[in-house]
Engineer: 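Below: one structure in structure tokens.
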Amino acid sequence: MNDATAETLCVVVERALSHPPEKVWRALTQPHLIAEWLMKNDFAPRVGHRFSLTADWGGVDCVVEEIEPYRTLSYAWDTKDLRSTVTWTLTPTASGTLLRMEQEGFLPEQKPYHRGASAAWPRFISELQRVLERLD
């Protein structure tokens, strides 16, 4: 099984945002804001917290794995037969924040999931940017 992890695929999306890490962190960790750009949820920023993301098509079961406020947020992202990890990394820049999202763990035979995630994450992050524009 360890060999399979070396073959997994990932999706990476990076965006330079004109907002400070503290503001971006709010949008990544406050349930009412997450619902605006990603999905309905019962997220809480605590390691070990189990939460669900739900949409019309179904849902995702998640567990918070790592939190370093204003820097890193990582959670397991599990659907019917996809076990993956989503990691957000916030890097302060002179003009705001470099936001990096990585979803890793797609098996070679899960190319349709990988293609779906590759198309969906840039849209989700564009929605996140719209939420950030609206926040104080």
Side-chain angles (χ1 to χ4, degrees):
M1 274 312 232
N2 287 345
D3 292 345
T5 57
E7 301 169 10
T8 60
L9 303 170
C10 69
V11 173
V12 175
V13 179
E14 288 187 342
R15 293 275 171 91
L17 304 173
S18 60
H19 306 282
E22 295 77 11
K23 185 175 179 182
V24 177
W25 185 257
R26 279 176 50 206
L28 292 176
T29 59
Q30 293 185 359
H32 69 286
L33 296 176
I34 297 168
E36 289 187 42
W37 64 268
L38 185 58
M39 290 179 238
K40 293 180 206 147
N41 66 91
D42 54 349
F43 179 83
R46 287 190 314 274
V47 171
H49 176 72
R50 294 183 175 283
F51 66 101
S52 298
L53 295 167
T54 56
D56 296 341
W57 53 265
V60 182
D61 295 318
C62 301
V63 180
V64 178
E65 295 180 336
E66 181 185 353
I67 290 186
E68 186 183 340
Y70 316 117
R71 289 282 188 184
T72 305
L73 171 63
S74 181
Y75 41 83
W77 175 284
D78 297 339
T79 61
K80 287 175 270 193
D81 52 355
L82 171 65
R83 303 280 175 262
S84 64
T85 302
V86 171
T87 301
W88 299 93
T89 307
L90 290 71
T91 304
T93 64
S95 59
T97 304
L98 176 64
L99 179 65
R100 182 178 202 271
M101 186 291 311
E102 180 174 357
Q103 183 176 12
E104 57 185 344
F106 298 92
L107 299 175
E109 63 273 16
Q110 293 177 316
K111 284 190 173 66
Y113 285 123
H114 182 257
R115 279 194 300 273
S118 296
W121 280 115
R123 289 196 308 264
F124 285 139
I125 293 172
S126 291
E127 287 300 315
L128 170 68
Q129 286 182 274
R130 280 191 266 289
V131 169
L132 290 166
E133 295 300 328
R134 215 182 26 70
L135 289 176
D136 309 329

Engineer: Mark yes when over 12 heavy atoms from residues, nucleotides or ligands other than Arg83 sit less than 6.0 Å from its CZ; otherwise mark no.
Structural biologist: yes
Engineer: So, do Asp42 and Ser52 sit near enough that their side-chain heavy atoms are less than 4.5 Å apart?
Structural biologist: yes
Engineer: With rounding to the nearest 0.5 angstrom, report the NZ to CG distance, Lys23 to Leu135.
Structural biologist: 5.5 Å
Engineer: For Glu109 and Pro112, which heavy atoms make the closest approach, and how far apart are they?
Structural biologist: O-CD, 4.2 Å
Engineer: May I ask you to decide if Glu104's main-chain N or O and Thr85's side chain share a donor-acceptor pair within less than 3.5 Å?
Structural biologist: no
Engineer: Do Val60 and Asp78 pass the side-chain contact (heavy atoms from CB on, under 4.5 Å) test, and can you show the C-alpha distance, the side-chain angles, and the key distance before you say yes or no?
Structural biologist: CA-CA 6 Å; Val60 182; Asp78 297 339; 5.7 Å; no
Engineer: Rounded to the nearest 0.5 Å, how far apart are CE of Met101 and CG of Leu90?
Structural biologist: 13.0 Å
Engineer: In terms of side-chain heavy atoms, does Arg15 have a donor or acceptor partner in Ser126 at a distance below 3.5 Å?
Structural biologist: yes
Engineer: Tell me, do Ile67 and Arg46 make a side-chain contact under 4.5 Å, heavy atoms counted?
Structural biologist: no
Engineer: Tell me, do Leu73 and Pro45 make a side-chain contact under 4.5 Å, heavy atoms counted?
Structural biologist: no
Engineer: Which distance, rounded to the nearest 0.5 Å, do you find between the CZ of Arg50 and the CZ of Phe43?
Structural biologist: 14.5 Å
Engineer: Between the main-chain N or O of Asp81 and the side-chain N or O of Gln110, is there a donor-acceptor pair closer than 3.5 Å?
Structural biologist: yes
Engineer: So, for Ala35 and Asn41, which heavy atoms are closest and what is the spacing to 0.1 Å?
Structural biologist: N-ND2, 3.5 Å
Engineer: Under a 4.5 Å side-chain heavy-atom rule over Ile, Leu, Val, Met, Phe, Trp and Tyr, are Val63 and Met39 clustered together?
Structural biologist: no
Engineer: Which heavy atom in Gly96 sits nearest to a heavy atom in Pro21, and how many Å separate them?
Structural biologist: O-CD, 4.0 Å
Engineer: Is the closest side-chain heavy-atom distance between Trp121 and Val86 below 4.5 Å?
Structural biologist: yes
Engineer: Is there a side-chain contact between Tyr70 and Leu28, using heavy atoms and a 4.5 Å cut-off?
Structural biologist: no
Engineer: Contact between Trp77 and Leu53 at the side-chain level, heavy atoms closer than 4.5 Å - yes or no?
Structural biologist: yes
Engineer: Can you check whether Val11 reaches His114 side chain to side chain, under 4.5 Å on heavy atoms?
Structural biologist: yes
Engineer: Which value, rounded to the nearest 0.5 Å, describes the distance between Leu132 atom CG and Arg130 atom CZ?
Structural biologist: 11.5 Å
Engineer: Below 30° counts as parallel, above 60° as perpendicular, anything between as tilted: where do the rings of Phe51 and His49 land?
Structural biologist: parallel
Engineer: Supply the atom-to-atom distance Lys40 NZ to Ile34 CD1, rounded to the nearest 0.5 angstrom.
Structural biologist: 14.5 Å
Engineer: Using only heavy-atom distances, determine whether the side chains of Glu66 and Thr72 contain a donor-acceptor pair under 3.5 Å.
Structural biologist: no
Engineer: Looking only at atom types and distance, does a side-chain atom of Thr97 sit under 3.5 Å from a main-chain N or O of His19, one as donor and one as acceptor?
Structural biologist: yes
Engineer: With heavy-atom distances below 4.5 Å as the criterion, would you say the side chains of Tyr75 and Trp88 are in contact?
Structural biologist: yes
Engineer: Rounded to the nearest 0.5 Å, what separation is found between the CG atom of Leu9 and the OH atom of Tyr113?
Structural biologist: 14.0 Å
